[in-house]
Structures are given as C-alpha cells and as structure tokens.
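Here's the structure we're looking at; comments come further down.
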Amino acid sequence: MMDIEEQLTAGMRDRAAGLTLTTDVVGEATRRHKRRVTVQRIGYAMGVVGLAGALAAGVTIGGSGTGTPPTTHTVAAPNVRLASAIAASENISYQVKVTELYGGRNAQPGIAEGAFDPATATGHLKSWWTGAADSVYLERLVNGVRYIGSSGSKGWKQEKGTHDRLAYSRELDGALSASADPESLFDALRDSGAKITDAGAGVYRFESTQRGDDRYATWTRTFTGEVTVNADNRIATITYESRDEGRFKPGVKGGEEFSSTHELTVELSGYGSPVRVEKPANVVVVR
C-alpha cells in the first residue's frame, strides 16, 4: 500500500509525461487515510496535541498476522475527545448558570444566570449573593455594546467601546473574575499544559498549574475539576476548585503571604436557542 505522498508524486510524474491525474488516485488515497486526517485536524485545530501525539494516541492498528487485512480502530485520547466537545460548544448561543463559593465551603454561594450568543456579541447576565438577594447586578450586551445596571439603580450605564463577551469580571463583586466565562474556560481546557483523563462516560477530569509574577505578587494557582459532556457532545458542566498561594511584593500589604480557595460550577444548556436583548432605557454613557 503506497503512502498518499507517494501516490501523489507518482500522479505528478504521470501528468508530466502527458497523462492526466485521475480523481480515483486522490479519492482512493483519501479514503484510506480518512481516519488519520480526521485526527490530525482535531489536533491542529484545538491545539491540544501535536501531529505525532495525535497519531500515537488516536489510532491503533491491529491484525492477525495470517494474511487478514489489518483493521483500524479509532481510540481517541481523552484530550482529543474533550477538544472535540469544546469545538462543538463554541461559536453557538447558550444559556449559562454559575454557582460560586469563594473562601471555602462555609461561604454563602453566589449565583449568576444569563445567556450569550457569541456570533452577535449579544447576551444578558444577572448575579447576586444568596445572602443578599435584594441586591442584583445586571448586565446587557447588545451587538457588542455593554450596559451595566443594578436592582437599586434608576438607570443604566453604557461602557465605552465594543465588547465580544459578557463581563464576568464584574460579577459577584469580582470574585468570579474571568474564570467563570465559558469562553475563557474553553481556552484554559485547550491549554496543552492541562492534564486530561477519563473519569467515566462523558466525564473528563483535568488538572493544571499556573504561575505568575507581576508588580504586586508572585503566586501559584492550581486547578482541579471535571467536565461533563451531554448527548450532543457539547459541554454540559464545568466544575472546578482553584487554590491560590503566593506572597505580595515588598511594599504591597507588607509582603505577607496569602492563600485562597475558589470553587465554581458552570452549567451550560440551551445551545442554539435565540438570545434577544433590548437596549435599556435611561442610559448614561461612561466616558
């Protein structure tokens, strides 16, 4: 069996000799290598493994050794399968609910609920602490224009510029930060440094470590969590715990050490459902 590169080379030789390259040559080679190309595309597109890793983890060849043609079995690695689910969950509208604990299990959870359509940069979000349900933070995003309000305010503030996602950094007094944003979580799960393993049917466990050194502190953040995939091969939930440990720089809070624990669950549903948001009344533009 010739490799696809060899067949294409032979075809080019025939063409140079006055023959026409037939579609059968390319078609037959393509059919024989369909599985390999599929794995390569997943690996390149999602950035989770290189070509060699995709081939080594994604395809197993077996044969009897008695003249029986070998059979090809696709056994994709967990990170490749999770990457496929992430790809199916991106660039499509969804509903989202975030449940957050900051500072340990005895803390009162914060809740954020909304919907978002990345194709039109349109969505809405509201959040509140369970101990202060009468104080609700509100956000509307209309074709990239962001409006901020609250249950106690009489009007809305329009932020300058255009935006391509909801501002999770403002949710729940900023405790959620960007780590609650599904788009950012998808990016983090694609990080080649994350270890992805199977944890059951449609369940993946991930572990990742990040280190930082900025003008304020040096720190280490460890992530451990699970991702579940629904019947449509889209992300259903992302649950994780992050732990930050580090030290402030001299002159910042006395250079003291710090540590914190952050637990968060993101539930995604309603993929493909329309997201309609109207511009609010009584808007003040923030300059």
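Looking only at distances, no side-chain donor or acceptor of T122 sits under 3.5 Å from a matching main-chain atom of D117. Looking only at distances, a side-chain donor or acceptor of D214 sits under 3.5 Å from a matching main-chain atom of Y216. Looking only at distances, a side-chain donor or acceptor of S89 sits under 3.5 Å from a matching main-chain atom of I235. Within the 3.5 Å criterion, the main-chain N or O of A199 finds no donor-acceptor partner in the side chain of E226.
The side-chain heavy atoms of Y204 and R81, taken from C-beta on, include a pair separated by under 4.5 Å. Contact check for Y271 versus N230: side-chain heavy atoms found under the 4.5 Å cut-off.
Every residue meeting the ring pair (Phe, Tyr, Trp, His ring centres under 6.0 Å) condition with F258, not counting sequence neighbours, appears here in chain and number order: F248.
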Q: I would like to know whether T99 and T265 meet side-chain hydrogen bond (donor to acceptor under 3.5 Å, both in side chains); could you show each step before the answer?
A: CA-CA 5 Å; T99 304; T265 297; 5.9 Å; no
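Enclosure of atom CD in E256 by more than 12 non-hydrogen atoms of other residues, nucleotides or ligands within 6.0 angstrom is indicated.
Ion pairing between K249 and D213 holds under the 4.0 Å rule for side-chain N and carboxylate O. The existence of a salt bridge linking E245 and R243 is confirmed by a sub-4.0 Å separation between a basic side-chain nitrogen and an acidic carboxylate oxygen.
For the salt bridge (Lys or Arg N to Asp or Glu O under 4.0 Å) condition, no pair includes a residue of residues 199-212, sequence neighbours left out.
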